[in-house]
Amino acid sequence: MELETREYTAQTGRIIKAAQSGRLQGIQPRTMEIFEDLGFVDRVAAAGGPYPPLCQYRPDGTHKVSLLTEAEVFPTPAEPYAAPLMLPQFATEAVMRERLAELGRHPRFRTRLTGFEQDAHGVTARMGGETGEHMIRARFLVGTDGGRSFVRHALAIDFPGEALGVRAIVADVRLEGLDRSVWHRFQLGSPATQVMICPLAGTDLFQVQAPVALEGEIDLSPAGLTALIEVRTGREDITVRSVSWSSVYAMNARLADRYRVGRIFIAGDAAHVHPPTGGQGLNTSVQDAYNLGWKLASVLAGAPEALLDSYEAERRPIASNMLHLSTRLLGEAKQGTMRRDREARQLDLGYRGSSLNVPGSVDGKVQAGDRAPDAPCRGQAGQRTRLFTVFKGPYWTLLGYQPRDRPSAIAGVRIVTVGAGHELVDEDGDIAEAYGIEPGQWVLVRPDGYIAGIFPSDGLGPQLSCYLAHVLSSCPADTLEGS
């Protein structure tokens with residue numbers, strides 16, 4: 001796969017980051033929730049569209065149309081995004097760049113990382129570009145520079161795994177002869193002779209995907225792709241008119257031994273590579289960045305650097321499970337099954353074993369380490385709102401359900417109470433249903449939307465003070481009096 005490496009500096013924390021170009025992406029529901037928090041979920045939804053049904057053509061000329069999910073799925077109060085969104089990666093990147101520009105920041109293109117050194121206080125990076133080499137000094141460096149990561153190689157991080165014995169082509173094309181209402185899948189013989197042609201939502205393009213021989217040159221011209229499609233479909237009426245992007249790639253399943261060396265981190269494909277089945281790659285990478293981002297921001301604001309140790313501990317097991325899922329789905333796809341169940345939507349992923357979970361936290365319908373559910377509710381002033389709106393932004397949230405008293409303000413923590421005479425009204429019982437909490441209990445939600453702990457009112461102040469001292473820049477013991 002041809003890679004375009006991009007490096008830029010983010011002013012907040014002076015983080016150096018490298019990004020990778022790519023292809024079609026399925027935006028899973030959990031990632032949609034993250035995009036909502038970041039302020040551009042509706043733009044992404046407007047640019048893309050739902051996955052079309054799958055139309056599988058049999059050797060006898062008949063066909064079968066089915067859904068890609070195990071059943072038709074619908075939003076619920078706790079899970080506002082039900083089905084994955086189809087969006088080409090270039091469109092996703094365009095929306096992200098627009099949002100970044102609104103925040104006053106811009107990627108730096110035609111620049112590459114040529115070397116770096118770290119010391120006890122930061123990282124010095126050498127950058128090569130059109131104007132020559134220059135140096136950047138930063139507190140931390142994050143390498144998200146793809147499966148062939150320069151950063152990972154420079155750190156001598158092992159990348160064990162296996163080649164899966166599958167080589168494939170992917171090409172974004174304009175073609176004639178197929179309608180755009182379904183994802184077309186032809187398999188007239190063995191799995192090695194299949195071809196899939198999917199309309200790309202939000203564009204006039206189709207994407208062609210097909211396994212190819214492990215060795216040899218592949219003709220990715222319009223004529224070459226037209227010939228491949230004719231051989232594998234038995235149809236002469238499908239014609240590729242132009243190719244806007246194409247690649248040949250070998251599938252691997254690999255996981256980095258480490259995600260951190262001192263002040264340098266890796267994330268995304270630099271830390272894990274896998275087959276594209278199941279639409280897991282972009283989504284796992286986004287969640288890597290989401291997890292690491294709030295922790296770096298906290299440390300840059302004065303929180304203990306030990307907070308950063310939880311990044312690898314939380315994210316590496318998630319990637320390991322994702323590799324197993326993607327590899328299993330690859331095997332199913334070879335046999336003609338492309339059904340994606342709830343596991344692929346990533347809503348149940350969490351960190352129940354995390355060191356960031358509050359010791360002795362109350363267990364209920366949700367537990368420390370779980371994703372904090374959404375729930376519609378009403379503000380006391382009368383306007384409809386949702387918990388995700390309350391949680392939005394780079395803050396911790398302390399949610400009290402019918403509490404007796406309200407704690408004093410805590411810097412970096414948004415305190416919100418629910419019940420009669422409180423800020424939020426749970427008039428339909430959706431908060432109680434989603435969380436299963438009792439009157440007087442408090443839920444502490446991390447900046448990335450996961451539950452850190454559930455507390456009773458008794459002893460709330462001392463327990464919170466002790467915990468927050470490890471994750472906030474400062475938390476004086478007297479800030480929680482009155483709880």
Side-chain angles (χ1 to χ4, degrees), residues 1-6 19-27 43-44 46-57 63 68 84-98 107 109-110 146 166-188 192-213 215-251 275-277 279 281-282 333 338:
M1 181 176 184
E2 295 179 359
L3 302 179
E4 178 185 4
T5 304
R6 306 168 179 176
Q20 177 184 359
S21 63
R23 47 184 184 255
L24 177 151
Q25 299 292 350
I27 311 297
R43 292 183 222 179
V44 166
Y51 270 76
L54 178 67
C55 182
Q56 301 193 70
Y57 298 86
H63 64 271
L68 278 170
L85 177 80
M86 176 187 286
L87 189 66
Q89 183 166 323
F90 63 80
T92 306
E93 290 180 358
V95 172
M96 288 181 167
R97 286 196 297 271
E98 181 181 41
F109 297 101
R110 300 183 183 87
V166 177
R167 185 171 177 239
I169 64 166
V170 58
D172 296 344
V173 306
R174 288 179 175 83
L175 61 74
E176 297 173 355
L178 291 175
D179 68 80
R180 300 185 62 85
S181 64
V182 296
W183 185 334
H184 306 269
R185 183 181 188 277
F186 300 87
Q187 185 170 330
L188 301 184
T193 62
Q194 69 176 278
V195 61
M196 294 184 292
I197 307 174
C198 180
L200 291 179
T203 76
D204 61 353
L205 300 172
F206 286 82
Q207 185 165 100
V208 178
Q209 304 170 351
V212 294
E215 303 291 341
E217 294 293 323
I218 305 298
D219 184 356
L220 296 176
S221 68
L225 290 173
T226 297
L228 181 146
I229 292 170
E230 181 178 341
V231 168
R232 298 195 181 190
T233 65
R235 292 175 53 171
E236 299 179 355
D237 60 329
I238 305 172
T239 304
V240 176
R241 294 302 183 188
S242 64
V243 179
S244 64
W245 177 83
S246 64
S247 178
V248 182
Y249 64 99
M251 295 187 193
T277 41
L282 167 83
M338 293 182 63

Trainee: To the nearest 0.5 Å, tell me how far T92 OG1 sits from R43 CZ.
Mentor: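 Reported to 0.5 Å precision, the distance equals 13.5 Å.
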Trainee: For the OG1 atom of T226 and the CD1 atom of I238, what is their distance to the nearest 0.5 Å?
Mentor: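 Going from the OG1 atom of T226 to the CD1 atom of I238 covers 9.5 Å.
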Trainee: Check the pair W245 / V170 against side chain to side chain contact (heavy atoms under 4.5 Å, CB included), numbers first and verdict last.
Mentor: CA-CA 8 Å; W245 177 83; V170 58; 3.7 Å; yes
Trainee: Please report the closest heavy-atom contact between A210 and V195, naming both atoms and the distance.
Mentor: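 Shortest heavy-atom contact: CB-CG2, 4.0 Å.
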Trainee: Dump the intermediate steps for side chain to side chain contact (heavy atoms under 4.5 Å, CB included) on I229 and V208, then the final yes or no.
Mentor: CA-CA 9 Å; I229 292 170; V208 178; 4.3 Å; yes
Trainee: Heavy atoms, side chains only, cut-off 4.5 Å: are C198 and Q209 in contact?
Mentor: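 Contact flag for C198/Q209 side chains = no.
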Trainee: Give the minimum heavy-atom separation between C55 and V182, together with the two atoms involved.
Mentor: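 C55 and V182 have their closest heavy atoms at CB-CG2, 3.6 Å.
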Trainee: Would you say the side-chain atoms of R235 pair up with the backbone N or O of G177, donor to acceptor, closer than 3.5 Å?
Mentor: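 Yes: the side chain of R235 pairs with the backbone of G177.
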Trainee: Give the minimum heavy-atom separation between W183 and L54, together with the two atoms involved.
Mentor: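 What the structure gives for the nearest pair is O-CD1, 3.4 Å.
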Trainee: To the closest 0.5 Å, what do you measure between CG (L200) and CG (L205)?
Mentor: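 So the gap between those two atoms works out to 5.5 Å.
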Trainee: Pair D172, T203 - check side chain to side chain contact (heavy atoms under 4.5 Å, CB included), show working.
Mentor: CA-CA 10 Å; D172 296 344; T203 76; over 6 Å; no
Trainee: State, yes or no, whether a side-chain contact exists between P199 and M86 at a heavy-atom distance under 4.5 Å.
Mentor: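 No - every pair of side-chain heavy atoms lies 4.5 Å or more apart.
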Trainee: Taking C-beta and beyond as the side chain, do L175 and I197 meet within less than 4.5 Å on heavy atoms?
Mentor: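 Of all side-chain heavy-atom pairs linking I197 with L175, at least one is under 4.5 Å.
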Trainee: What is the distance from atom CD1 of I169 to atom CD of Q207, rounded to the nearest 0.5 Å?
Mentor: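 It comes to 10.0 Å.
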Trainee: Keeping R185 on the side-chain end and M196 on the backbone end, is there a donor-acceptor pair under 3.5 Å?
Mentor: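 Not a single qualifying donor-acceptor pair exists.
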Trainee: Can you sort out the partners of E176 under salt bridge (charged side-chain N to carboxylate O under 4.0 Å, His left out), two or more places apart, ordered by chain and number?
Mentor: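 Testing E176 for salt bridge (charged side-chain N to carboxylate O under 4.0 Å, His left out), a comparison that skips the adjacent residues, returns R241.
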Trainee: Do the ring planes of Y57 and F186 sit parallel (below 30°), tilted (30 to 60°) or perpendicular (above 60°)?
Mentor: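 Taking F186 first and then Y57, their aromatic rings lie parallel (interplane angle under 30°).
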Trainee: Return yes if some donor-acceptor pair links the side-chain N/O of H184 with the main-chain N/O of D179 below 3.5 Å, else return no.
Mentor: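 At least one qualifying donor-acceptor pair exists.
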Trainee: Can you list the residues that meet the side-chain hydrogen bond (donor to acceptor under 3.5 Å, both in side chains) rule with R180, with sequence neighbours excluded?
Mentor: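 With neighbours one apart ignored, the set is empty.
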Trainee: Taking the side chain from R232 and the backbone from Q194, do they hold a donor-acceptor pair closer than 3.5 Å?
Mentor: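 It does hold such a pair.
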Trainee: Return the minimal non-hydrogen interatomic distance between G48 and A201, and the atom names on each side.
Mentor: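 Looking at all heavy atoms of both residues, the closest pair is C-CB, 3.8 Å.
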Trainee: Provide the closest heavy-atom pair for L225 versus A171 in the form atom of the first, atom of the second, distance.
Mentor: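 Looking at all heavy atoms of both residues, the closest pair is CD1-CB, 3.9 Å.
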